[in-house]
Amino acid sequence: MGLQTKRLTNKFGVEIVGLDLSKPIDDATIADVWKVWNEQGLVLMRGQDISPEAHIAFSRRFGELDKHEALEPFRHPQYDEIFMVSTIPVNGKPSASENVGRHWHSDLSYTQHPAMGSLFHCQVVPDVGGDTLFANTVAAYDSLSGKMKEVIDGLWGVHDYLATPTQKLKSPEVLARLRELHRPIAQPLVLTHPVTGRKALYIAETLITHFVGMTPEESQPLVKFLFNHTIDPLYTYRHKWTKGDFIMWDNRSLIHIALSDFEKGAHRLFFRTTVLGEQRGEYV
Ligand code: SIN
């Protein structure tokens with residue numbers, strides 16, 4: 001029958017209308033969702049009233065799911081496949097994930113098994129704000145000059161989980177444990193999307209310390225230029241969440257950030273599953 005879709009921007013992203021994730025979904029429909037997800041980078045489905053089991057089962061149709069071992073403090077108490085992004089205190093203590101995602105990134109870029117896609121279900125949203133902003137790294141790559149494409153082709157960026165400002169707030173003991181779990185890892189700066197064949201910038205904010213073979217001082221001006229170029233409003237989509245919204249994003253063609261655009265103490269809760277992509281990346 002085909003999917004009913006509405007475009008969200010002129011560069012990327014669609015809303016699928018009329019698909020209820022709490023009902024059985026046939027293989028042909030899953031194949032259509034897979035196609036549109038890869039082509040458009042972001043798929044939105046509103047008003048989804050689904051259990052964590054249904055969320056996990058739907059996500060599994062697209063590949064192997066991460067069990068979030070390296071992000072253990074953020075896991076759902078009953079489901080390893082669900083990563084909770086929450087500002088809601090637990091037993092009077094701040095939530096472990098209250099600052100998760102507050103910098104532009106592609107999920108798990110700092111691992112040897114980066115995420116193909118993330119499927120994000122809105123549970124609780126502040127009265128105002130709590131938006132997520134997405135940027136299209138394919139459009140950003142396409143709009144570079146031919147000469148710049150030649151310069152960056154073949155560069156590898158070193159992604160360091162501990163390089164983001166929020167990590168620096170953690171205690172020395174926690175940082176030491178995180179360093180054991182997450183060693184700096186080199187990833188190609190230009191990715192060829194395995195399904196569409198399109199090239200994209202594999203860029204992030206503050207996470208990339210340098211390019212392999214170059215010093216941080218030599219690398220940072222280029223990292224900053226490419227990052228600022230990618231988050232040009234021309235290539236972005238900002239989502240204002242409503243409870244029940246379900247967004248699937250492709251981490252090979254988009255980066256995203258959780259905005260701090262809501263009042264301190266406001267409750268915001270999302271469940272995320274993470275579909276693993278192809279293995280890549282080399283420890284440095
Ligand atoms: C994430 O980076 O997975 C979280 C995004 C968000 O909370 O909006």
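Starting from 1, each residue takes its place in the sequence as its number. All ligand and atom numbering here is 1-based and tracks the order in the structure.
Inspection of the R75 and H68 side chains reveals no N or O donor paired with an N or O acceptor under 3.5 Å. In this model, a donor atom of one side chain and an acceptor atom of the other lie less than 3.5 Å apart for S109 and H159.
Within 4.0 Å of ligand 1, heavy atoms belong to protein residues V85, G101, H105, D107, F120, T132, W249, H256, A258, R268, R272.
Side-chain contact between Q48 and D20 is present, with heavy atoms from C-beta onward closer than 4.5 Å.
Under the 4.0 Å criterion applied to side-chain N and carboxylate O atoms, K243 and D49 are not assigned as salt-bridge partners.
W249 is not connected to F227 by any chain of hydrophobic side-chain contacts under 4.5 Å among Ile, Leu, Val, Met, Phe, Trp and Tyr, and they are in different clusters.
Of all heavy-atom pairs between F58 and M248, the closest is CE2-SD, 4.0 Å.
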